[in-house]
Amino acid sequence: MATMTRLLELVQLLLYVPMLALAGQGVLHLLTGSRRESNGFYRVLRVVAWPVTAPLRRLLPRAVADRLAAPLAFALLLVLSLIVFAERGYQLCVQMGLQDCRR
């Protein structure tokens with residue numbers, strides 16, 4: 001059971017890193033507007049989030065891809081992280097031996 005909890009912690013971390021990069025991109029988009037592409041930190045955040053946004057850009061129609069890839073990637077990561085969070089909580093509940101751990 002402890003191995004499953006560690007695995008879920010790792011998955012959660014792997015989801016949080018690009019999700020926070022996308023959130024940072026959103027904040028910089030609001031603060032700098034069209035000048036964000038010349039911002040070095042924005043470019044670093046874009047590289048960190050690229051493994052998530054690139055597949056979505058390929059799946060979305062070309063006219064929509066640039067505008068919606070980042071928000072959709074953020075929403076997808078948020079949903080996945082909530083699922084992992086709930087499963088991790090359940091695993092910890094079972095690991096502690098609580099009687100109220102029911103699905």
Side-chain angles (χ1 to χ4, degrees):
M1 255 329 160
T3 308
M4 182 64 162
T5 305
R6 292 287 183 197
L7 179 64
L8 288 171
E9 287 175 4
L10 178 64
V11 169
Q12 204 169 21
L13 177 67
L14 291 174
L15 291 172
Y16 283 164
V17 171
M19 189 167 66
L20 288 173
L22 287 166
Q25 277 183 318
V27 168
L28 283 174
H29 177 75
L30 292 174
L31 292 175
T32 60
S34 63
R35 296 178 300 162
R36 67 186 177 275
E37 294 298 329
S38 63
N39 187 320
F41 188 63
Y42 182 85
R43 287 183 287 188
V44 169
L45 292 175
R46 191 174 57 198
V47 168
V48 171
W50 177 81
V52 179
T53 56
L56 278 176
R57 281 199 172 104
R58 279 189 227 111
L59 293 173
L60 293 171
R62 190 171 296 244
V64 177
D66 289 338
R67 199 167 27 102
L68 288 180
L72 284 175
F74 183 81
L76 176 68
L77 289 171
L78 182 63
V79 168
L80 289 174
S81 67
L82 289 174
I83 291 169
V84 170
F85 178 77
E87 181 62 29
R88 187 172 156 236
Y90 173 75
Q91 292 293 330
L92 287 172
C93 184
V94 169
Q95 192 175 356
M96 291 171 50
L98 299 175
Q99 296 296 327
D100 292 332
C101 298
R102 296 180 208 151
R103 287 198 174 224

Engineer: Cluster question for you: counting only ILVMFWY and a side-chain heavy-atom cut-off of under 4.5 Å, with indirect links fine, are Leu10 and Val84 together?
Structural biologist: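 Unlinked, Leu10 and Val84 end up in two clusters.
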
Engineer: Rounded to the nearest 0.5 Å, how far does CD of Glu37 lie from OG1 of Thr32?
Structural biologist: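 The CD atom of Glu37 is 9.0 Å from OG1 of Thr32, to the nearest 0.5 Å.
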
Engineer: Table please: side-chain donor-acceptor pairs of residues 70-77 below 3.5 Å, with sequence neighbours left out.
Structural biologist:
none

Engineer: Looking only at side chains, do Gln91 and Glu87 share a donor and an acceptor under 3.5 Å apart?
Structural biologist: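 Side chains of Gln91 and Glu87: pair found under 3.5 Å.
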
Engineer: Does Tyr42 sit in a hydrophobic cluster with other residues, and if so which ones, taking ILVMFWY side chains as linked at heavy-atom separations under 4.5 Å, directly or through other members?
Structural biologist: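 The other cluster members (ILVMFWY side chains, heavy atoms under 4.5 Å, direct or chained) are Leu28, Phe41, Leu45.
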
Engineer: Show every donor-acceptor pair shorter than 3.5 Å between a side-chain atom in residues 12-25 and any protein atom, with sequence neighbours excluded, or say none if there are none.
Structural biologist:
unit_1	atom_1	unit_2	atom_2	d
Gln12	OE1	Arg88	NH1	2.9
Gln12	NE2	Tyr16	OH	3.1

Engineer: About how many Å separate CG of Leu68 and CG of Leu60, when rounded to the nearest 0.5 Å?
Structural biologist: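 Reported value, rounded in 0.5 Å steps: 7.0 Å.
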
Engineer: Any link between Leu7 and Ile83 through a network of hydrophobic side chains (Ile, Leu, Val, Met, Phe, Trp, Tyr) touching at under 4.5 Å?
Structural biologist: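 No.
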
